[in-house]
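Scope of the values below: all heavy atoms of this structure, side chains included, with no hydrogens, waters or symmetry mates. Letters A, B, ... mirror the listed sequences (proteins, then strands); counts begin at 1.
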There are 2 protein chains.
Amino acid sequence: MNKIPVIHELYPDIPETSLHLFFDKLQEKTLQKGDLLISEGQICQHITYIQSGIVRSAYKRDDKDITISFSGEGEFITAMSSFISQTPTYENIEALSETHVLQISYSELMALLDQDKNMEHIYRLILERYYISLEELLIFSKFKSAKERYLELLTKKPLIIQYAAVGHIASYLDMSIETLSRIRSSM
Amino acid sequence: MNKIPVIHELYPDIPETSLHLFFDKLQEKTLQKGDLLISEGQICQHITYIQSGIVRSAYKRDDKDITISFSGEGEFITAMSSFISQTPTYENIEALSETHVLQISYSELMALLDQDKNMEHIYRLILERYYISLEELLIFSKFKSAKERYLELLTKKPLIIQYAAVGHIASYLDMSIETLSRIRSSM
DNA sequence: ATTAGCCTTTGACAAAAATCAAAAAAATCA
DNA sequence: TGATTTTTTTGATTTTTGTCAAAGGCTAAT
């Protein structure tokens with residue numbers, strides 16, 4: 001009964017009892033296309049693990065809506081800086097398809113951290129993974145040209161092209177809708 | 001004898017004995033201008049806290065050298081994804097001025113984590129802070145225009161303008177040296 | 001002090017991408 | 001199904017930025 005395989009893969013030495021403690025707190029939830037996991041102004045209360053489906057995370061400021069990431073099966077998604085500091089977020093996270101998730105709440109996680117020393121490993125794992133994916137995102141956006149970034153998205157996360165609107169992908173790639181449209185037609 | 005004030009500020013409840021254990025492992029080090037804290041190909045072995053001075057972190061790929069961040073007094077700097085996964089990095093971190101740092105090594109940190117449960121709090125604090133500053137960096141680069149980004153750098157980190165070469169600042173702001181030069185002269 | 005080398009600025013031009021506007025295609029709904 | 005609305009594509013134009021080349025300025029070493 002391991003609901004989140006990656007935890008076992010990376011920390012095979014966490015005792016079963018601790019894993020159970022953690023997994024027991026997870027709440028299942030199903031999101032319909034368009035449902036929001038969190039929206040701007042809220043304080044993020046959950047870390048979410050995606051069992052299936054695709055979600056889009058976007059930042060809103062000065063009436064621009066910019067896609068920061070697309071996440072799918074096997075990934076964690078959260079308004080992490082809001083979760084960490086328990087302050088309001090600018091992020092909107094929405095489901096792009098029917099999405100099944102597992103969630104643990106901030107308060108329950110904090111209680112677990114006090115209760116069981118092994119819990120820190122699990123939370124650390126999540127933080128570390130989250131950090132690395134963000135760093136990859138940043139590097140990706142700095143080194144690749146518009147067309148390369150589109151091609152990489154196409155090969156690494158083909159499902160996104162299917163589910164996301166062109167406008168979402170364009171803002172993710174830092175280009176206008178028209179430019180993306182031209183890149184697509186030139187291939 | 002608190003060498004890293006921010007730890008006390010954010011986790012005032014960590015027992016003195018644990019703090020001592022941590023602080024005792026810190027190694028002081030002085031870098032001269034141009035010295036490298038870590039360079040590409042290496043596995044990052046330390047988390048570094050900057051007591052004074054300024055450092056630049058840059059990624060190298062396909063003979064491009066792109067500045068990812070500038071860090072100064074009171075900040076942590078590390079090739080974090082390399083540190084986490086203990087794999088080689090693409091990062092170069094160099095001192096832009098004489099810089100005084102405190103370092104803890106990966107192996108000692110891991111030993112401490114096993115030894116004292118409170119240590120996890122300290123490491124978590126570092127990870128969380130590091131995450132948040134990276135997220136800010138990403139958002140900053142997505143929402144602001146070239147000129148706004150330069151102005152923000154000018155007001156928030158004026159020392160950098162003093163110590164960093166124009167080429168470093170330009171790559172940080174994702175623009176050519178010439179464009180940055182024109183922005184500067186138009187103000 | 002003078003020269004050599006490097007970094008920065010400036011100018012002219014080319015390339016890339018944004019914007020504006022309209023047409024075409026696709027999705028939604030009565 | 002057909003009509004309406006929304007999204008995507010295409011075209012023309014403008015703006016922004018990059019590239020190349022040359023000039024100017026600063027630094028350091030002889």
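For A/His168 and D/dT8, the NE2 to C1' distance is 14 Å, given to the nearest whole Å.
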A/Asp35 and A/Thr99: side-chain contact (heavy atoms from CB on, under 4.5 Å), yes or no, with the steps? CA-CA 9 Å; A/Asp35 285 356; A/Thr99 299; over 6 Å; no
Check step by step if side-chain contact (heavy atoms from CB on, under 4.5 Å) holds for A/Tyr123 and A/Ile47. CA-CA 10 Å; A/Tyr123 182 44; A/Ile47 287 181; 3.9 Å; yes
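Listed nucleotides: D/dT17, C/dA18, D/dT9. Nearest to the side chain of A/Met175: C/dA18. The A/Ser181 side chain lies nearest to D/dT9 when the options are D/dT9, D/dG18, C/dT8. Each of C/dT9, C/dT10, D/dT10 was ranked by its minimum atom distance to the side chain of A/Glu178; first place goes to D/dT10. Taking only side-chain atoms of A/Val166, from C-beta outward, the nucleotide of C/dA18, D/dT8, D/dG11 with the closest atom is D/dT8. Looking at the side chain of B/Arg182, the nearest of the listed nucleotides C/dA18, C/dA12, D/dT9 is C/dA12.
Contact of the B/Ser181 side chain with the B/Val166 side chain is not registered, since no non-hydrogen atoms from C-beta on lie closer than 4.5 Å. Side-chain atoms of A/Glu94 and A/Leu37, non-hydrogen and from C-beta on, never get closer than 4.5 Å to each other.
Residue A/Ser185 places at least one side-chain N or O closer than 4.0 Å to OP1 or OP2 of D/dT10. For B/Ser176 and D/dT17, the shortest distance from a side-chain N or O to OP1 or OP2 is not below 4.0 Å.
Across all strands shown, D/dG2 is found opposite C/dC29 as a Watson-Crick or G-U wobble partner, with both distances under 3.5 Å.
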